[in-house]
There are 2 protein chains.
Amino acid sequence: MPPLYRKIATELRKRIISGELSPGDKLPTETQLQDQYDVSRNTVRLATALLLNEGLVESVPGRTGGMVVRERVTLTYHASRAEMPHGLWAESDAWFGEVRAQGHEPTQEFELRIEAVTAAIAERLGVEADSTVAVRRCIRRVNGQPSSVQSSYYPMDLCETVPELLSPRDIPHGTTRLLAERGYQQLGAEDELVAAMPTPEEVTLLRLNPGTPVLHYIRTGFTADRPVRVSVTTFAGDRNRVVYTLGDAEVIARFRDRDSTE
Amino acid sequence: MPPLYRKIATELRKRIISGELSPGDKLPTETQLQDQYDVSRNTVRLATALLLNEGLVESVPGRTGGMVVRERVTLTYHASRAEMPHGLWAESDAWFGEVRAQGHEPTQEFELRIEAVTAAIAERLGVEADSTVAVRRCIRRVNGQPSSVQSSYYPMDLCETVPELLSPRDIPHGTTRLLAERGYQQLGAEDELVAAMPTPEEVTLLRLNPGTPVLHYIRTGFTADRPVRVSVTTFAGDRNRVVYTLGDAEVIARFRDRDSTE
DNA sequence: ATCCATTTGTGCGTATGTATG
DNA sequence: CCATACATACGCACAAATGGA
């Protein structure tokens, strides 16, 4: 027999998932739920806290506020199209194009820092634990709302050959192409994907609601000799999706076309 | 100025992240925190609830219990190695091999069901919204602990040509190879990755602690003509990582070797 | 096997603060 | 300014789980 607050949460959750309550609708107020279930306000709040943590609702204070059922808009990020392997597009160009194609307005802000590496980055980048790296950080927004944060790490010795990396602005045709032009051609990459709960820093950066997980997407790019770049992208979990196309992309495109014309 | 419970959570979080409190260590008890910060028990519990939801700690009731700092063991799933494109391995064989290679003991249980499709599956599988599909469900455990749940959906017409799909047991060399032998060669696939908070069902299935997100991994497999399979894998977010190798896998392997021999 | 001490879990009541229309 | 919603904080009580005496 589950405790009261769980039962209340379960009933409300059902009403949300079934569609009886659709995005934008409001749950009964705390007072209404108190009366309805004949419980204390504290118990009601335990129930709604569960739904908040599941990301099903968000709370809006004020006269006309309440617990509002959240909407889920998903933006797709095509990882296998970005910067690989005969990279026609710069990664940021690719992202801009994708967002626009999905009917939204992309913006991004760049930032450059020189930092000491963390253990996780050092290992992937194949540099000493106490070395410094150039970090190109980029906040990407969709319709003004923060959507993802990307930090790209480059070994310092690379920046001597390619000083443009130290520019705190967008690089016109993308860093991948720039590196290739200077003899560092990215031949392979390894992508890692992890779901996690955000750190408080990520919460403020991405304006995450409580209960929103993030998707960490870590790409390590290799030339023939060694890793030349590690980029860590943090996606707001409820607003993003990462997609890979494997094998023959034609068969998939063909199906999509047939699908949309029928 | 953040509220009291957030300040307490922030201090405790710092001690965990800095390593002052390592996995297995216990936070001060609720009573100790009450005295230490001179707050009510409720406030202390609001603080620890945050850490619980971030997955940093888990609670153990009882005499010697407490809030224990959680350990993070990550298992790697190589998505680009599984079943594609010249598929040497069956997907489950591949998974078994990977888990063993990482020094753990894999087990899995199969289950077969015939179900009406959901909208999400119907769209990906290219079938009518009211049609039925064969669902092969598989719970994968690592060292006895549930690690991921995979549901593979096949259109019913496929099961007439390939009746083995309806077996509620493992298929020796994998369904991908079986389908290929019957003329349904999987030429391409599309993978989608999404971070989400688990449904209560997923919580019980995967024995998830509160505050643990999941990683949904959806693969749609295509023959030259159409989708033949959709598999939805739900990974416990704190115990799994999905990896893709893009481009020239050699350059990455070379670096790994050099790395491990030095 | 029993009881006890400790710790977290659930639940009640109350008061005051803050945001919004 | 007020009414209403959620947010923070206090206090209390008892239940459930766990390990040790």
Side-chain angles (χ1 to χ4, degrees), chain A residues 1-12 16 21 24-70 200 203-204 207-212, chain B residues 1-12 16 21 24-70 200 203-204 207-212:
Chain A
M1 194 65 161
L4 281 177
Y5 75 100
R6 282 186 192 279
K7 287 207 283 191
I8 299 173
T10 305
E11 290 195 24
L12 292 173
I16 294 171
L21 292 166
D25 287 355
K26 283 196 272 286
L27 261 50
T29 65
E30 291 182 348
T31 333
Q32 286 172 335
L33 288 172
Q34 280 186 64
D35 298 345
Q36 199 171 322
Y37 290 98
D38 194 31
V39 293
S40 74
R41 178 155 176 245
N42 238 322
T43 305
V44 169
R45 282 185 65 78
L46 283 176
T48 53
L50 284 181
L51 302 180
L52 276 170
N53 286 322
E54 287 165 21
L56 289 175
V57 298
E58 63 189 295
S59 67
V60 180
R63 179 79 160 82
T64 55
M67 307 294 294
V68 184
V69 178
R70 277 169 66 177
V203 169
T204 56
R207 302 235 189 96
L208 296 173
N209 291 94
T212 308
Chain B
M1 194 66 159
L4 281 177
Y5 75 98
R6 282 188 192 278
K7 287 206 283 191
I8 299 173
T10 304
E11 290 195 22
L12 292 173
I16 295 170
L21 292 166
D25 287 355
K26 282 197 269 285
L27 260 51
T29 67
E30 291 181 350
T31 333
Q32 287 171 336
L33 288 172
Q34 281 185 63
D35 297 346
Q36 199 171 319
Y37 291 96
D38 193 32
V39 292
S40 73
R41 182 164 170 234
N42 238 322
T43 305
V44 169
R45 282 183 66 78
L46 282 175
T48 53
L50 284 180
L51 302 179
L52 275 170
N53 286 323
E54 287 164 22
L56 289 176
V57 298
E58 64 189 297
S59 67
V60 180
R63 180 79 158 82
T64 55
M67 307 295 292
V68 184
V69 178
R70 277 170 67 178
V203 169
T204 56
R207 304 234 189 96
L208 296 174
N209 291 94
T212 309

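In the text below, chain A, chain B and the rest are named by the order of the sequence lines, each starting its count at 1.
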Exercise for the section: For L4(B), answer base if it contacts any base atom (sugar-phosphate contacts may also be present), sugar-phosphate if it contacts only those atoms, and nothing otherwise; contact means non-hydrogen atoms under 4.0 Å. Expected result: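 Counting heavy atoms under 4.0 Å across all strands, the contact made by L4(B) is with sugar-phosphate only.
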
Exercise for the section: Name the nucleic acid region contacted by S40(B), choosing base, sugar-phosphate or nothing; use a 4.0 angstrom heavy-atom cut-off, strictly under. Expected result: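 If one applies the 4.0 Å heavy-atom cut-off, S40(B) turns out to touch a base.
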
Roughly how many Å is it from [atom1] in [X] to [atom2] in [N], rounded to a whole number?
X      : N       : atom1 : atom2 : value
N42(B) : dT8(D)  : CG    : P     : 12 Å
Y37(B) : dT8(D)  : OH    : C1'   : 18 Å
L50(B) : dA7(D)  : CG    : P     : 13 Å
L33(B) : dC10(D) : CG    : C1'   : 17 Å
R45(B) : dC12(D) : CZ    : P     : 17 Å

Problem - DNA chain C: 5'-most and 3'-most nucleotides touching chain A, 4.0 angstrom heavy-atom criterion - result: dT10(C) to dG21(C)

Handout entry: Flag for T212(B)-R207(B): side-chain donor and acceptor within less than 3.5 Å
Key =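 No.
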
Handout entry: For Y5(A), all residues meeting side chain to side chain donor-acceptor pair (under 3.5 Å), sequence neighbours excluded
Key = none

Exercise for the section: Apply side chain to side chain donor-acceptor pair (under 3.5 Å) to Q34(A) and list each qualifying residue two or more places apart in sequence or on a separate chain. Expected result: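 With sequence neighbours excluded, Q34(A) shows a side chain to side chain donor-acceptor pair (under 3.5 Å) to no residue whatsoever.
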
From [X] atom [atom1] to [Y] atom [atom2], the distance as rounded to the nearest 0.5 Å:
X      : Y      : atom1 : atom2 : answer
I16(A) : E54(A) : CD1   : CD    : 8.5 Å
E30(A) : N42(A) : CD    : CG    : 9.5 Å
L46(A) : R41(A) : CG    : CZ    : 11.5 Å

Problem - Short side-chain to backbone donor-acceptor contact, E11(B) and I8(B), under 3.5 Å - result: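 No; zero donor-acceptor contacts below 3.5 Å.
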
Practice task
Record whether the side chain of R41(B) comes under 3.5 Å of the base of dA9(D) through a donor-acceptor pair of N or O atoms.
Solution key: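 By the distance-only test, no, there is no pair.
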
Is there side-chain contact between [X] and [Y], with at least one heavy-atom pair below 4.5 Å?
X      : Y      : result
L27(B) : V69(B) : yes
M67(A) : T29(A) : no
L33(A) : L12(A) : yes

Exercise for the section: With DNA chain C as reference, determine whether V39(A) or P28(B) sits nearer its 5' end, using the nearest nucleotide of each. Expected result: P28(B)

Exercise for the section: Measure the angle between the two terminal helix axes of the helix from dT2(C)-dA21(D) to dG21(C)-dC2(D), five base pairs each, and quote it to 10°. Expected result: 10°

Handout entry: Presence of T48(A) side-chain N/O under 4.0 Å of dC6(D) phosphate oxygens OP1/OP2
Key =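 No, T48(A) has no side-chain N/O under 4.0 Å of OP1/OP2 on dC6(D).
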
Table please: side-chain donor-acceptor pairs of residues 57-66 of chain B below 3.5 Å, with sequence neighbours left out.
unit_1	atom_1	unit_2	atom_2	d
E58(B)	OE1	N209(B)	ND2	3.2

Below 3.5 Å is the cut-off: list the nitrogen or oxygen pairs between protein and nucleotides 15-21 of chain D, distance only.
unit_1	atom_1	unit_2	atom_2	d
dT18(D)	O2	R63(B)	N	2.7

